[in-house]
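The structure under discussion appears below in the form of structure tokens.
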Amino acid sequence: MKAVTWQGTRSMKVERVPDPRILNSGDAVIKVTSTAICGSDLHLYGGFMPGMKKGDIMGHEFMGEVVEVGPNVKKLKTGDKVVVPFTIACGKCYHCHKDEWSLCDNSNPQAPKAELLMGGESGSGLFGYTHLYGGYAGGQAEYVRVPYADVGPLQVPRDIDDDKVLFLSDIFPTGYQAAENCNIKRGDVVAVWGCGPVGLFAIKSAYLLGAERVIAIDRFPERLALAETACGAEVINYEELDVLEELRKRTGGHGPDSCIDAVGLEAHGTGLQYAYDKVKTNMMMETDRPIALRQSLYACRKGGTVSIPGVYGGLLDKVPFGAAFGKGLTLKMGQTHMHKYLKPLLNMILEDKIDPSFIISHRIGLDDAADIYETWQKKQDGVTKIVIKN
Amino acid sequence: MPNKTHKEIIPTRPHIADEIQNGIRFDSVITMMVPAEKVYAYWRDLKNLPNFMKHLSSIEITGSETSHWKWSVLKGQAEIEWDSEIVRDVPGALIAWRSKEGSTVAHTGEVSFRELPFNRGTEVRVLVNYHPPGGSVTDFLERILGESPQGELQEDLRRLRSLMEVGEIITVEGQSRGGMEETFNPKLYSHH
């Protein structure tokens, strides 16, 4: 089969590799019909996340048709149309029982690697997202092996358009959990850093959960336009305005009730602080550039919540913990507990409460997938979301 | 689950491991969401041990309390063997063993199973104490026990947890990746 493989920093390749097969009795193999490139794949492309090896198959957002099931698969059948959650969960451990699916105890076969980073037990395995998260082959391919097939894959109606349900694999639930973590109450103002796909779904979800206003922060006009027109947010272009000052002014002087950092470890910024992080990360003295996180901690109202769906990989510098403490903030973060959201969010789509396909800007074939990483990383060609069709 | 403390279930002292003075001790602990009886029964059926002990290449049951172990060392290049006997057996709670006299690697070990209150699962605690034969301790560690015996003990327990909770240990060995020659899986095409 063909697959997109990681060859090194800023180097992807579409190549022919062995077809996947059943490795554990609970596995299924899926024929991928649609798969997407995630903003967090750019962290791998750019070499920001440790734990990639040459030849790793990329991709954690995918859906398709079941073509083979292992001997212990009871529910899933050949021919089923499924969306696969990007977090891999066993369904039997302490954390799965607690609905904390992305913290599954059993799904990372390379857990000791993650434990060095976490200082404790590893979280769940992820598709196509470094050997710290298990080293699973991803879904930017013609076929993909899916473990715990009775636990993860969500069956969707055969006649529904892939584009409407594909983002149940990651970014819609991720944006939704980010908003849910804000504990939104009537009248709340929510600020969202980053108007990439997760940020956009966080805006939509914040409104679905009852936010009065959402203020979105980015620097790219096409993203801000989507946030404004498709999602109904007020916007701030951080290259034109002082974000903290602007947020204070727009919220009666006290700051947003909740802040969502949908940017993560590769944030861009302006001025001295950004220069500081660039130098420190380049010298390997800091692994992440937490500019959006810093701003969200400074901006948030006393007693508010900062919710962090943006990915962080290591050690952060100059995080204003004093501000977080002084204002009594609540911090919520982590990978998405995907399995918890699949059915409720599918129902929202089936009830026409939301159509996630609005974020798609590019539809391409697998053969063009390697080159488009560069296009997206350089934020060229108005990319908001790339879907690969097989 | 019973709301008892460890001490109410089994006396914790003396550890069988304490029989060896100045030994090389390793201990590890893990918690799993199954009843203590289930883990105890699985462990006590000694032929199951190679399913999760990575270096245990085979075990032969030689009597109700005795068994013969073959342990892979030097990254699989060699094997050492010994006879072991169970010296304490508290069903559902504890198994303790020691190597029989004349073993290459004299050691004692024990595993205890403690069910936690409020459905928090069963804590499985292992303590192994090796009696170093002559030579330096470091040399012994590297040759016999591998590079990271503590880490490997933890890994063994993690595999046990997967077996107990899921019934299987997940793997990525044998999956496709770049740089390999293309092969075809006929089952993927058969239904069309």
Side-chain angles (χ1 to χ4, degrees), chain A residues 1-7 13 15-27 29 31 53-57 65-68 70 72 78-79 88 90-97 105-112 115 121-122 125 131 134-137 141-145 147-148 151, chain B residues 1 28-35 38-39 51-52 54 115-116 118-124 146-192:
Chain A
M1 69 164 184
K2 279 191 287 193
V4 181
T5 61
W6 189 88
Q7 297 294 310
K13 182 168 140 188
E15 63 178 310
R16 302 207 78 97
V17 301
D19 284 341
R21 53 194 178 86
I22 302 292
L23 300 175
N24 282 99
S25 69
D27 288 357
V29 178
K31 179 179 171 42
K53 290 182 186 168
K54 188 178 176 184
D56 286 346
I57 298 176
E65 183 192 338
V66 178
V67 286
E68 187 185 3
N72 276 337
T78 302
I88 301 169
C90 77
K92 300 283 175 60
C93 69
Y94 176 76
H95 292 285
C96 286
H97 281 310
D105 278 331
N106 292 312
S107 63
N108 185 352
Q110 305 188 45
E115 290 181 348
E121 289 186 297
S122 164
H131 289 261
Y136 288 95
E142 291 179 291
Y143 296 92
V144 60
R145 168 244 182 170
Y148 309 114
V151 182
Chain B
M1 292 188 185
S28 193
V29 62
I30 199 163
T31 306
M32 50 191 80
M33 297 304 286
V34 291
K38 177 174 169 168
V39 204
N51 296 344
F52 64 93
K54 189 179 165 193
E115 226 163 76
L116 301 167
F118 308 111
N119 293 318
R120 293 302 179 106
T122 294
E123 203 176 84
V124 179
E147 282 170 12
S148 168
Q150 183 71 48
E152 286 178 8
L153 175 55
Q154 186 65 31
E155 275 304 278
D156 284 351
L157 290 181
R158 200 198 310 277
R159 279 188 286 270
L160 175 65
R161 178 171 65 188
S162 278
L163 285 171
M164 291 294 96
E165 291 180 344
V166 188
E168 191 168 20
I169 300 159
I170 201 77
T171 184
V172 291
E173 276 176 41
Q175 69 176 358
S176 357
R177 53 182 298 106
M180 293 169 78
E181 197 180 326
E182 184 174 26
T183 52
F184 297 94
N185 175 356
K187 287 187 180 154
L188 306 187
Y189 313 98
S190 59
H191 66 291
H192 284 299

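Per chain, numbering begins at 1; letters A, B, ... match sequence-line order.
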- Query: Is the backbone of Pro18(A) close enough, under 3.5 Å, to the side chain of Glu181(B) for a donor and an acceptor to pair up by distance?
  - Reply: no
- Item | Option in Arg158(B), Arg159(B), Met164(B) with maximal non-hydrogen atom pairs under 4.5 Å from chain A | Arg158(B)
- Query: Heavy-atom distance under 4.5 Å to chain B: side chain of His131(A), backbone, both or neither?
  - Reply: side chain
- Item | chain B contact via Ile57(A) - side chain, backbone, both or neither, heavy atoms under 4.5 Å | side chain
- Item | Contacting region of Lys53(A) [heavy-atom separation from chain B under 4.5 Å] | both
- Checking Ala137(A) against chain B: side chain, backbone, both or neither under 4.5 Å from a heavy atom? both
- Item | Most contacts with chain A, counted as non-hydrogen pairs under 4.5 angstrom, among Met180(B), Met32(B), Glu173(B) | Met180(B)
- Task: Examine whether an atom of Ser107(A) lies under 4.5 Å from a heavy atom of chain B, and if so say whether it belongs to the side chain, the backbone or both; otherwise answer neither.
- Result: backbone
- Shortest non-hydrogen contact from Pro147(A) toward Asp27(A): CA-OD1, 3.3 Å
- Query: Any side-chain heavy-atom pair from Met1(A) and Ser176(B) closer than 4.5 angstrom?
  - Reply: yes
- Message: Looking at Lys54(B) and Asp156(B), is there a salt bridge between them, counting it only when a charged N and a carboxylate O are closer than 4.0 Å?
- Response: no
- Message: Take a 6.0 Å sphere around CZ of Arg21(A) and say whether it holds more than 12 heavy atoms from other residues, nucleotides or ligands.
- Response: no
- Message: I'd like to know which of Val144(A), Val29(A), Thr5(A), Asp56(A) tops the heavy-atom pair count under 4.5 Å against chain B.
- Response: Asp56(A)
- Query: For Gln7(A), is it the side chain, the backbone, both or neither that has a heavy atom under 4.5 Å from a heavy atom of chain B?
  - Reply: neither
- Would you mind telling me which of Gly91(A), Gly134(A), Pro112(A), Cys90(A) has the largest number of heavy-atom pairs within less than 4.5 Å of chain B? Pro112(A)
- Message: Closer than 3.5 angstrom, by distance alone: can the side chain of Asn24(A) be matched with the main-chain N or O of Gly26(A) as a donor-acceptor pair?
- Response: no
- Task: Let me know if Gln154(B) has heavy atoms under 4.5 Å from chain A in its side chain, its backbone, both or neither.
- Result: neither
- With only heavy atoms counted, which part of Arg145(A) is less than 4.5 Å from chain B, the side chain, the backbone, both or neither? side chain
- Answer yes or no: does atom NZ of Lys54(A) have more than 12 heavy-atom neighbours from other residues, nucleotides or ligands under 6.0 Å? no
- Query: Side chain, backbone, both or neither: which part of Gln175(B) has a non-hydrogen atom closer than 4.5 Å to chain A?
  - Reply: both
- Query: Would you say Arg161(B) and Asn106(A) make side-chain contact, with heavy atoms under 4.5 Å?
  - Reply: yes
- Minimum heavy-atom distance Pro35(B)-Thr122(B), with the two atoms named: C-OG1, 3.5 Å
